[in-house]
A.B. asks: 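The structure under discussion is supplied below as structure tokens; questions concerning it will follow.
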Amino acid sequence: MTTAPEPDDRAVELDLLARITKRERAAFEQLYTRYSNILYATAMKFLKEDADAQDVVQDVFIQIWDKAKLYDPAKGKPLTWALTMTRNRSIDRIRAIQRRTRLRDDFEKETVADESAGIREALSGVDASEKTQILRDAVARLSPEQRKVIDLAFFGGLTQSEIADRLGEPLGTVKARARRGLMKLKEHLGEKP
Amino acid sequence: MTRDQIEELAALDALSALEGEDLATWERVRGENPSALRLRDELAGAAAQLSLLAPAATAPSALRRRVMDRVFGGQSSEKTVTEAARPFGFAAWAAAAAVVLLVLVGASATTRQKESVVVRDARPDPQNLQIVLKGYGDYAKAKAHVLWDSGQRGWYVQAGGLPDLPATHSYHVWAVDADGAVHDCGELAVREGGLARSFVQPGDGISSMQGFAVTIEPVGSSSPAPTSPAVLISALQG
């Protein structure tokens, strides 16, 4: 399981981002050292393929270099910002692959994770760090149905109607599960900007 | 709108799962309600932590070199972008785009309907239209396709046969709107084998495009318009 930088490191990372906005190469290289493994692991989790994951991580670091000044501390920690970019770019890539695959009538190669595979596999991992234990506990508090919906959206990149189709559930049910599940996660993880 | 409904929209947006009318409703709500946007950010932050459940992995050492080359420019590459490698001038592209524009504007209702399909949806239908970009000169073997995704409200750009560029330059996608104005659609990152995929979301200014082009730009350039001639430009196929 991925090990995140310690929470106390936030001030360091904020400083690095501030220096990156001033185009300090050393700061960028330090941030790369801190984040590259976790961002790569995240991209691999979504994309499964090394080449795709490397492309995404490269794009994210270029984005960090170009857009560091747009980072808003009020919206979350620097790591959360970087993870969100990694996740979003990975999902974009999954969806692009899906559509290209469909256009080729080659449905067998769809890159969507199977139902709840993402969270299920992650929960089976062994990790003793306090942060990831808290995260695992929070996920374990979700009902299986909530977990499945969040997993299909977060790790599978499916839209609300695609999830409803996949699960054979009414759209309203899917929406409610996403809301309750994510609100519960927020409550237990309690990330403050 | 009830609190539950706002939470629902915020949660689905935090998961990037919103679409259709719900997405339009959410955009209106978040514009009017700053607390809804804050909730969405908090939920997105909680969701982002799920990434930490990913199995540990070590980024390849080559990736570091690649990133540093892209950001700071490679010293090892002796390749340069020459004018000879840019046979199709921007002025020519603008003219070509204008021709595309005229063709589209003056087209029959049937053609306009087809164009509408192109820009609104990319369905898994082999008969469906897509925008094709053809390469010119040294880039004649390159080609690209652009598909509009109404769910994501952006364009998928897929390209092949793109020659490698020095680390100081990258391919860049541009769109021309119905008024002939040029819009920056971002970088087109090339991977092994000259293949490239990109998802671009233009600003609100272009709800329908009339043409696309790919140029070669300095890495990190923030120019609002192409600084070099186009190497691929769009044509409409049905």
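Just so it is clear, the values below take in all heavy atoms, side chains as well, and ignore hydrogens, waters and symmetry mates. Sequence lines set the chain letters: A, B, ... in the order given, protein chains first and strands last, and positions in each chain run from 1.
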A.B. asks: Taking atom NZ as the centre, does B:K143 end up with more than 12 heavy-atom neighbours from other residues, nucleotides or ligands that are less than 6.0 angstrom away?
C.D. replies: no
A.B. asks: Quick one, A:I150 and B:L50 - any side-chain contact, counting heavy atoms below 4.5 Å?
C.D. replies: yes
A.B. asks: Below 4.5 Å from any heavy atom of chain A, which atoms of B:L12 appear? Answer side chain, backbone, both or neither.
C.D. replies: side chain
A.B. asks: Residues in ring-ring contact (aromatic ring centres under 6.0 Å, His included) with B:Y171, at least two apart?
C.D. replies: none
A.B. asks: For the residue pair B:L63 and A:V57, establish whether any side-chain heavy-atom pair is separated by less than 4.5 Å.
C.D. replies: yes
A.B. asks: Select, from A:D52, A:D66, A:D59, the one with the greatest count of heavy-atom pairs under 4.5 Å involving chain B.
C.D. replies: A:D52
A.B. asks: Does A:R25 qualify as a cation-pi partner of B:F72, given the criterion of NZ or CZ under 6.0 Å from the six-membered ring centre and within 45 degrees of its axis?
C.D. replies: yes
A.B. asks: Looking only at heavy atoms, which two atoms of B:A46 and A:L189 are closest? And how far apart?
C.D. replies: O-CD1, 3.7 Å
A.B. asks: So do the side chains of B:V71 and A:F28 get within less than 4.5 Å of each other, counting heavy atoms only?
C.D. replies: yes
A.B. asks: Below 4.5 Å, heavy-atom pairs only: which of A:V174, A:V149, A:T33 has the largest tally toward chain B?
C.D. replies: A:T33
A.B. asks: Flag yes if more than 12 heavy atoms outside A:E49 fall under 6.0 Å of its CD atom; otherwise flag no.
C.D. replies: no
A.B. asks: Can you see which heavy atom on A:A178 is nearest to which on B:A11, and at what distance?
C.D. replies: O-CB, 3.9 Å
A.B. asks: I'd like to know if the side chain of A:N37 and the backbone of B:T58 have a donor-acceptor N/O pair within less than 3.5 Å.
C.D. replies: no
A.B. asks: Identify, with sequence neighbours excluded, every residue that meets salt bridge (charged side-chain N to carboxylate O under 4.0 Å, His left out) alongside B:R65.
C.D. replies: none
A.B. asks: Evaluate A:R180 against B:D4 for salt bridge (charged side-chain N to carboxylate O under 4.0 Å, His left out), listing each step before the verdict.
C.D. replies: CA-CA 9 Å; A:R180 293 195 189 107; B:D4 281 0; over 6 Å; no
A.B. asks: Any side-chain heavy atom of A:W65 sitting closer than 4.5 Å to one from B:V67?
C.D. replies: no
A.B. asks: With rounding to the nearest 0.5 angstrom, report the NZ to CD distance, A:K186 to B:Q49.
C.D. replies: 12.0 Å
A.B. asks: Rounded at 0.5 Å granularity, tell me how far OG1 in A:T42 sits from CG in B:L53.
C.D. replies: 9.5 Å
A.B. asks: Is any side-chain heavy atom of B:L9 closer than 4.5 Å to one of A:K175?
C.D. replies: no
A.B. asks: What's the spacing between A:L158 CG and B:E19 CD if we round to 0.5 Å?
C.D. replies: 10.0 Å
A.B. asks: Out of curiosity, A:L39 CG to B:S51 OG, how far, rounded to the nearest 0.5 Å?
C.D. replies: 9.0 Å
A.B. asks: Taking the side chain as every heavy atom from C-beta outward, state whether B:R66 and A:D55 have any atom pair closer than 4.5 Å.
C.D. replies: yes
A.B. asks: Tell me every residue that passes salt bridge (charged side-chain N to carboxylate O under 4.0 Å, His left out) with B:E187, counting only those two or more places apart in sequence or in another chain.
C.D. replies: B:R70
A.B. asks: A:A41 and B:A56: which non-hydrogen atoms are nearest, and at how many Å?
C.D. replies: CB-C, 4.4 Å
A.B. asks: So for B:A189, is it side chain, backbone, both, or neither that comes closer than 4.5 Å to the heavy atoms of chain A?
C.D. replies: side chain
A.B. asks: So A:S36 and B:R64, do their side chains get closer than 4.5 Å, heavy atoms only?
C.D. replies: no
A.B. asks: How long is the gap from CG on B:D41 to OG1 on A:T80, to the nearest 0.5 Å?
C.D. replies: 11.0 Å
A.B. asks: What residues of residues 82-90 of chain A sit under 4.5 Å from chain B when only non-hydrogen atoms are counted?
C.D. replies: A:L83, A:T84, A:R87, A:N88
A.B. asks: I need the minimum non-hydrogen distance between B:P60 and A:Y32, along with the two atoms involved.
C.D. replies: O-OH, 4.4 Å
A.B. asks: To the nearest 0.5 Å, how far apart are CE in A:M183 and CG in B:L39?
C.D. replies: 5.5 Å
A.B. asks: Against chain A, work out which of B:A62, B:A44, B:A47 has the most heavy-atom pairs shorter than 4.5 Å and name it.
C.D. replies: B:A47
